[in-house]
Amino acid sequence: MLGLGGLPLGQAADDGFAKAVATLRAVGGEGQGNTAAGQALQRLAKGGPETIPALLSAMDGANPFAANYLRGAVEVISGNTLAKGGSLPLVELGEFLLNKSHDTKPRAMAFDLIRRADAKAAERLVPGLLSDPSVDLRREAVTRLLGQAEGLAKADNKPGAVLLYRQALDAARDLDQIQRISAELRELGRKVDLTRHFGFLIDWNVVGPFHNKGRAGFAEVFGPEKDAGLGAEYAGLEGKVGWKKYSTDDEYGMVNFNEPYGALKEVTGYAQTEFISASDRPAELRLGCKNAWKIWLNGELVFGRDEYHRGMRIDQYKLPVQLRKGANTILVKACQNEQKEEWTVQWQFQLRVCDATGTAIHSLEKKNAEVAAK
Amino acid sequence: MKKQLLIVALAGSAAGVFAGDWTGFRGPLGNGVSDEIGLPVKLSAEKHMTWKTALPGKGLSSPLVVGDRVFVTASGGTRQDRLQVICLNSADGSVNWKRQFWVMGSTMCHKKTSVAAPTPVTDGKLLYAIFSSNDLFCLDLDGNLKWLRGLTVDYPNARNSLGMASSLVLAGDVLVAQVENDSESFVAGLDKATGRNLWKIDRPKSANWTTATVRREKGGREQVLLQSGKGIHAVNPSSGKVVWHYADGAATIPSSALSGDMLFVPSHGLTALKLGADGQSFEQKWRSGRLRPGTASPIVHGRKVYSLNNAGVLACADVDSGNRLWQLRLDGPFGGSPVVADNHLYVFSEEGLAQVVDLTAPEGAVVGKMDLGEMIQCSPAVSNGALFVRSNGHIWKISNKTRL
């Protein structure tokens, strides 16, 4: 019996099937393995609908290319089956969906298949998805809860509506749902702490300005990249500069360099904060920024991007990192360019720490409160 | 309804492509001109809206047509992270198949555009679909995935927060993906059979939404003409090597139009380049600041070049001199490029208004209009006596219903 992703393949498994799955899972970047994968997919796509759960299981831990190849096989099998009036293995798909040890994407796909085959069966599964690790699945449950809350509000059952909205907010991870729920709660006279819900980091130390003439500051290694100690002083654009304490009261955690330094052009600024993690754990740094930027975690460069003023949104960049137990130093570099249009004034970013579902991870304590402002 | 010419002979393309097929952005020759005749002119919904089919996702890519099949891309899901390729029956608009994949790159884009912005391309046997996320899928015409690429997974800074839109082009067996942006900017020539890189060249670090033009010479030699803010780079599709460079800048939204050996470049208004027969050179013939394409790409028909500006004014000029002959105000704005067939120019406004301009009238004349009632930002496909156009929600076939 072959197992992939922790699920036995059962009768679907045979040597050919297993080899084809292995071939798909072996694809890599820059098209590596594409030719063999195309042939393997052809073999898998000839399977019957009973192979779908095994194909979904094979997506566990697969890289994004392999997951999409496997999805390609499921798409063909399910499409052909339903087009011919056949049925999908609802029970097995449901069991796969309910097993949260599987990856979120194939579980969400299982739900979509169930809904295509039997919408009522899918609907019955929705209430159990409120805390699901899959953002797509929990969205379904939040949507349902919102409908119920609205019904209570219309029936003038304010306490009932508030409590349902609270449950919905606790579960919601999509910005549109969060904003809709918070608006309803505020309409009902309740307070909502969106900053905390998202986990935006609001207490920082900032230093600048440094130059960004000709956009060269992005690549230049300024003092804070060599020594980010809060007591350090650096050669800035117009003399020595040091760290200043900066806290934002923006609901969405916007760190605005224009506030401490003025609306400057062709400049670079840095912001640093300390995040206290309760444990060694994987996390995501989620950044929104329309300036060129770089981020370091504990002195290691996580990522950087030299794009200016093409747009900004919450969770624009999702950067997987490993937090260590205790203090973690986050350093952000933000570069402003030379553009003069009114939509290029912004020199800012917003950053939050969360898990892969977007659930906020909060720092245990705010060390920045102890930092003396220069 | 179609001239019995094999496009294969004209385009040097694969044997699966026949006259009447619409195989890529602005058609088989990439210039928006169709040899179809008998398209409806005095449009009416009752007579000409042959079918209208709901789409499962958003998009502004153009439909493609191969034989009796219509292909269109879309993006769905709350986060627009489901990439869709849909095949419809040209006769009745029914869905033959739909395939959906997970996005691997970025879905972020301006609210007016969408993840399904670039137009796919086909050689008549395989369909190549790229999305704003730089995810690329090759499927056969029955919807079987042959290979895929995630270009932003491979090259993580290859993205644009406003969205990408350059469409794919085919030059022989090379699939050209133009992934130009402010950061990790490149063009890749991919083996169309496997998706593997044949070459990859650095490009100007600047956002660019234009689509390349493929020049096919009589001897079968091809060149890919890449347009960017730095002008036009003519590239050998086999090697990725630059053969010549027009360095006087060019627009980054409207694309060039090729007609014979003349290339009309949105550069300082419109600049006409005569391309050398040796494939190594070019000569500037004229330049006109009065012909300034907006979002829509210019188009050449007969001895005239047409340019539609952002104010909705269609200007007609002589191809040899650039002298403006007439201008005509249309109901804009326009996010998609026009097409020309049978002496008529067809264009759809962002308000969803189809407009037909008779190009034989002394100063052009709007002879047909039809309101589709939804925002249209694509360039229509023309095939087998019909126009195919899509919105974020629907795709339409517009034809003389008696000619089904």
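By convention in this document, chain letters (A, B, ...) are assigned in the order of the sequence lines, proteins followed by strands, and residues within each chain are numbered from 1. All values reported here derive from a predicted model rather than from experimental measurement.
Partners of A:F65 under the ring pair (Phe, Tyr, Trp, His ring centres under 6.0 Å) rule, at least two apart in sequence or in another chain, do not exist in this structure. Applying the ring pair (Phe, Tyr, Trp, His ring centres under 6.0 Å) rule to A:F111 yields no partners; only residues at least two apart in sequence or on another chain are considered. Here A:K213 pairs with A:E266 under the salt bridge (charged side-chain N to carboxylate O under 4.0 Å, His left out) rule; sequence neighbours left out.
Residue contact with chain B, scored on non-hydrogen atoms closer than 4.5 Å, involves the backbone and the side chain of A:V135 alike. Both the backbone and the side chain of A:A67 come within less than 4.5 Å of a heavy atom in chain B. Proximity to chain A (any heavy atom under 4.5 Å) is shown, for B:M108, by both the backbone and the side chain. Looking at B:A207, the atoms closer than 4.5 Å to chain A (heavy atoms on both sides) sit in the backbone and in the side chain alike.
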Compile a table of inter-chain donor-acceptor pairs under 3.5 Å between chain A and chain B, counting both main-chain and side-chain atoms.
| unit_1 | atom_1 | unit_2 | atom_2 | d |
| --- | --- | --- | --- | --- |
| A:E30 | N | B:D154 | OD1 | 2.9 |
| A:E30 | N | B:D154 | OD2 | 2.9 |
| A:E30 | O | B:R196 | NE | 2.9 |
| A:E30 | OE2 | B:Y155 | OH | 2.3 |
| A:N34 | ND2 | B:L148 | O | 3.2 |
| A:N34 | ND2 | B:T194 | O | 2.9 |
| A:N68 | OD1 | B:W102 | N | 2.8 |
| A:N68 | ND2 | B:W102 | O | 2.8 |
| A:Y69 | OH | B:L148 | N | 3.3 |
| A:R71 | NE | B:Q100 | O | 2.7 |
| A:E75 | OE1 | B:Q100 | N | 3.1 |
| A:D112 | OD2 | B:R82 | NH1 | 3.1 |
| A:D136 | OD1 | B:R79 | NH2 | 2.1 |
| A:D136 | OD2 | B:R82 | NH2 | 2.8 |
| A:R139 | NE | B:T78 | OG1 | 3.0 |
| A:D174 | OD1 | B:R79 | NH1 | 2.3 |
| A:D174 | OD2 | B:R79 | NH1 | 2.9 |
| A:G304 | O | B:N157 | ND2 | 2.8 |
| A:R305 | NH1 | B:N157 | O | 2.9 |
| A:R305 | NH1 | B:N157 | OD1 | 2.7 |
| A:R305 | NH2 | B:R159 | O | 2.5 |
| A:D306 | OD1 | B:S183 | OG | 2.5 |
| A:D306 | OD2 | B:K205 | NZ | 2.6 |
| A:E307 | OE1 | B:S161 | OG | 2.6 |
| A:E307 | OE2 | B:S161 | N | 3.0 |
| A:R310 | NE | B:D182 | OD2 | 2.7 |
| A:R310 | NH2 | B:D182 | OD1 | 3.2 |
| A:R313 | NH2 | B:T107 | OG1 | 3.3 |
| A:Q316 | O | B:R159 | NH2 | 3.2 |
| A:Q316 | NE2 | B:S161 | OG | 3.0 |

